[in-house]
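One structure is given below, encoded as structure tokens.
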Amino acid sequence: MRFKPSLLLPLLFGFSLLFAQSVYASPSAEALARLAVSEKSAEAGPAIAALRAMGPAGLRVMFEVYSDQLKRHALDVSASKEASPEWQRLSAALDAVSQQRDDYASGLYWYTDFEQAKRAAAETGKPILSLRLLGNLNEEFSCANSRFFRTVLYANREVSDVLRERFILHWKSVRPAPRVTIDFGDGRKLERTLTGNSIHYVLDPSGRPVDALPGLYGPRAFLRGLAQAEEVVKRLGGQNEMQQSAIFSRYHMGRINQTAADWSADVQKIGGRVPTQVLARVDARILNPGALEVAPLAASKAAIEVNLLKSITTDARELEAATDDKAWAMIAALHVDDARLDERSIALIRRHTPVTETSASAVAQTKTGGGDQLSRIVENLERNMALDTVRNEYVLHNRLHAWLVNEGRKMGVDDLNSKVYAELFLTPGTDPWLGLYSPDSYTALENGGIIK
């Protein structure tokens, strides 16, 4: 069939018109980034949704378009506590696109749909880092640990680079974070969250658990834990199920054994006494490291694993009994470098710190890093974070390793998370009050203080 010239020109014109309309009907990514901070919510809302749907690329566009403003604000210690309306809109847009509060300090994109995260992991071959928390990561009043994550981990330059480049990030809320307002009766109020804990799961690209970091870790310790789990993910790739099981078991049994050795060494460094039977078992495994390598491959695999696991988990129980609060503080002091904050984290802390009449002069000194109030805050946080790090690693993480050895690769992340919150964090989903209320305790309040 031949087109007549008289029909061809209108047809070509029509195609050109349709093409032009499609181009102009779909704003460029840069145009979307500018619309996302519009004063008009009818413009900003759809633009933010479109950028969010673009995935990490949408967030990168935001950071490229507003790079000058972000650089000025990130480390500007003289920035006003009363942020301008323009900055508030930009910050809110970044948080909405990324689904993380204070994302201007981290530049991280978080999936909230697990299936989308798995698809992204399958396409890139990257492991998934799945955060489970109380509350929502994009809201100020999520649980305490998740708020610290945003400040001391995600804002940390080295940590954020590793997370952005080597992991697919995902978060899921376990339940709302309990929140309380304390009214002093004179116009002053304090608002806080109560109880709750968070955990980072390292998953292979298919979404199966490989390891987990429970609670708060210092930046260096966090990176070390991620690197260890990431290496296991690489070793699992391309292996059959039996080979994966062997690699998985060897890794977790090896980590339990190493924890006992490190914990024993720390107790000795602070002048404490390690039970002789623990030292004997640790020394025996150090002298015969091949036992851990051979166990998962041996014909009597199950029996050997049970005996080894019983031995090394017994070490943990006896070491925990021998480590009191004073000893924990002294051990934490050995590892304070694992909890050092970088300049970006300190800048975010500075911006969160309230300015009062008594502390205004101290905050004014922070341009040179000499503010007394800020220095005390940073010092206290680093000390407490070092304490959390060693206890989480030596006690909670150790139990997780044991569970994963026992369960192998059978347990999915949701089932593992239910076990973690019930048995590790002691806040089971079956308790609607998270341990904050007991019907057997008298409070002298009407209806026990419960308001429906």
Side-chain angles (χ1 to χ4, degrees), residues 10-76 79-80 82-124 126 128-129 136-140 150 154-155 157 160-171 344 347-348 351:
L11 190 61
L12 289 174
F13 177 78
F15 280 131
S16 299
L17 183 60
L18 284 173
F19 177 76
Q21 288 175 336
S22 67
V23 170
Y24 288 108
S26 301
S28 68
E30 181 179 342
L32 287 172
R34 299 197 183 283
L35 286 171
V37 298
S38 170
E39 296 180 17
K40 301 176 182 177
S41 58
E43 292 179 345
I48 288 170
L51 290 164
R52 171 72 186 165
M54 291 171 61
L59 186 62
R60 283 198 299 271
V61 170
M62 290 287 291
F63 273 82
E64 289 168 2
V65 170
Y66 297 101
S67 60
D68 291 341
Q69 295 94 315
L70 291 166
K71 286 175 184 176
R72 284 198 304 270
H73 199 83
L75 295 176
D76 182 5
S80 169
E82 297 298 327
S84 68
E86 293 79 8
W87 171 256
Q88 289 177 344
R89 291 197 301 273
L90 174 56
S91 180
L94 290 170
D95 291 357
V97 173
S98 67
Q99 287 297 290
Q100 182 212 299
R101 186 172 174 82
D102 289 330
D103 191 74
Y104 75 87
S106 69
L108 300 177
Y109 180 93
W110 295 82
Y111 289 91
T112 55
D113 183 305
F114 191 46
E115 294 305 316
Q116 289 182 356
K118 287 198 293 185
R119 285 195 292 272
E123 291 171 1
T124 61
K126 296 178 182 179
I128 299 169
L129 186 69
N136 296 313
L137 191 63
N138 59 336
E139 296 174 355
E140 181 176 11
R150 293 194 295 250
Y154 309 154
R157 187 181 303 277
S160 63
D161 286 347
V162 167
L163 295 183
R164 187 182 309 106
E165 295 166 9
R166 290 163 37 188
F167 289 86
I168 299 298
L169 305 180
H170 164 262
W171 66 259
R344 293 207 311 196
L348 187 53
R351 200 159 273 114

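All values derive from a computational prediction rather than experimental measurement.
Taking the side-chain contact (heavy atoms from CB on, under 4.5 Å) definition, one finds that Ala49 meets it with nothing, sequence neighbours left out. Asp68 pairs by the side-chain contact (heavy atoms from CB on, under 4.5 Å) definition with Arg72, not counting sequence neighbours. Here Arg119 pairs with nothing under the salt bridge (Lys or Arg N to Asp or Glu O under 4.0 Å) rule; sequence neighbours left out. Contacts of Ala96 classified as side-chain contact (heavy atoms from CB on, under 4.5 Å), with partners at least two apart in sequence or in another chain: Ile48. Take Glu39 and apply the side-chain hydrogen bond (donor to acceptor under 3.5 Å, both in side chains) test, not counting sequence neighbours, and it matches no residue. For Arg164, the salt bridge (Lys or Arg N to Asp or Glu O under 4.0 Å) partners two or more places apart in sequence, or in a different chain, are Asp161.
Val61 and Ala29 make their closest contact through CG1-O, 3.5 Å (heavy atoms, listed as atom of the first residue, atom of the second, distance). Shown here for Leu35 and Ala47, the closest heavy-atom pair between the two residues is CB-CB, 3.6 Å. Here the closest non-hydrogen pair linking Ala36 and Ala44 is O-CB, 3.5 Å. Across every non-hydrogen atom of Ile128 and Ala121, the tightest pair is CG1-CB, 3.6 Å. The two atoms that bring Val162 and Phe167 nearest to each other are O-CD1, 3.8 Å, heavy atoms only. Trp171 approaches Asn138 most closely through the heavy-atom pair CZ2-OD1, 3.8 Å.
The shortest side-chain heavy-atom distance between Tyr66 and Val37 falls under the 4.5 Å cut-off.
Summarising the geometry, atom OG1 belonging to Thr112 is positioned 7.0 Å from atom NE2 belonging to His170; distances are rounded to the nearest 0.5 Å. Separating the OG atom in Ser28 from the CD atom in Glu30 is a distance of 5.5 Å, to the nearest 0.5 Å. Between atom CG of residue Asp102 and atom OG of residue Ser91 there is a gap of 6.0 Å, rounded to the nearest 0.5 Å. If you take CD on Gln100 and OH on Tyr154, they are separated by 7.0 Å, rounding to the nearest 0.5 Å. The OG atom of Ser98 sits 7.5 Å away from the CZ atom of Arg52 when rounded to the nearest 0.5 Å. The CD atom of Glu43 sits 11.5 Å away from atom CG of Leu32, with the distance rounded to the nearest 0.5 Å.
In this structure, the side chain of Lys126 does not engage the main chain of Ala120 through any donor-acceptor pair within 3.5 Å.
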**Asked** Taking it one step at a time, do Arg101 and Arg150 satisfy side chain to side chain contact (heavy atoms under 4.5 Å, CB included)?
**Response** CA-CA 8 Å; Arg101 186 172 174 82; Arg150 293 194 295 250; 3.8 Å; yes

**Message:** I'd like to know whether Arg344 forms a side chain to side chain contact (heavy atoms under 4.5 Å, CB included) with Ser160, so could you lay out the CA-CA distance, the side-chain angles of the two residues, the decisive distance to 0.1 Å, and finally the verdict.
**Reply:** CA-CA 11 Å; Arg344 293 207 311 196; Ser160 63; 2.7 Å; yes

**Item:** Derivation of the side chain to side chain contact (heavy atoms under 4.5 Å, CB included) call for Phe63 and Asp103
**Value:** CA-CA 10 Å; Phe63 273 82; Asp103 191 74; 3.7 Å; yes

**Asked** Could you go step by step and tell me if Tyr109 and Leu163 meet the side chain to side chain contact (heavy atoms under 4.5 Å, CB included) rule?
**Response** CA-CA 10 Å; Tyr109 180 93; Leu163 295 183; over 6 Å; no

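For the residue pair Trp110 and Gln99, no side-chain donor N or O sits within less than 3.5 Å of a side-chain acceptor on the partner. Residues Arg89 and Ser38 bring no donor and acceptor atom of their side chains to less than 3.5 Å of each other.
With respect to Arg60 and Glu64, no salt bridge is recorded, no charged nitrogen being found less than 4.0 Å from a carboxylate O.
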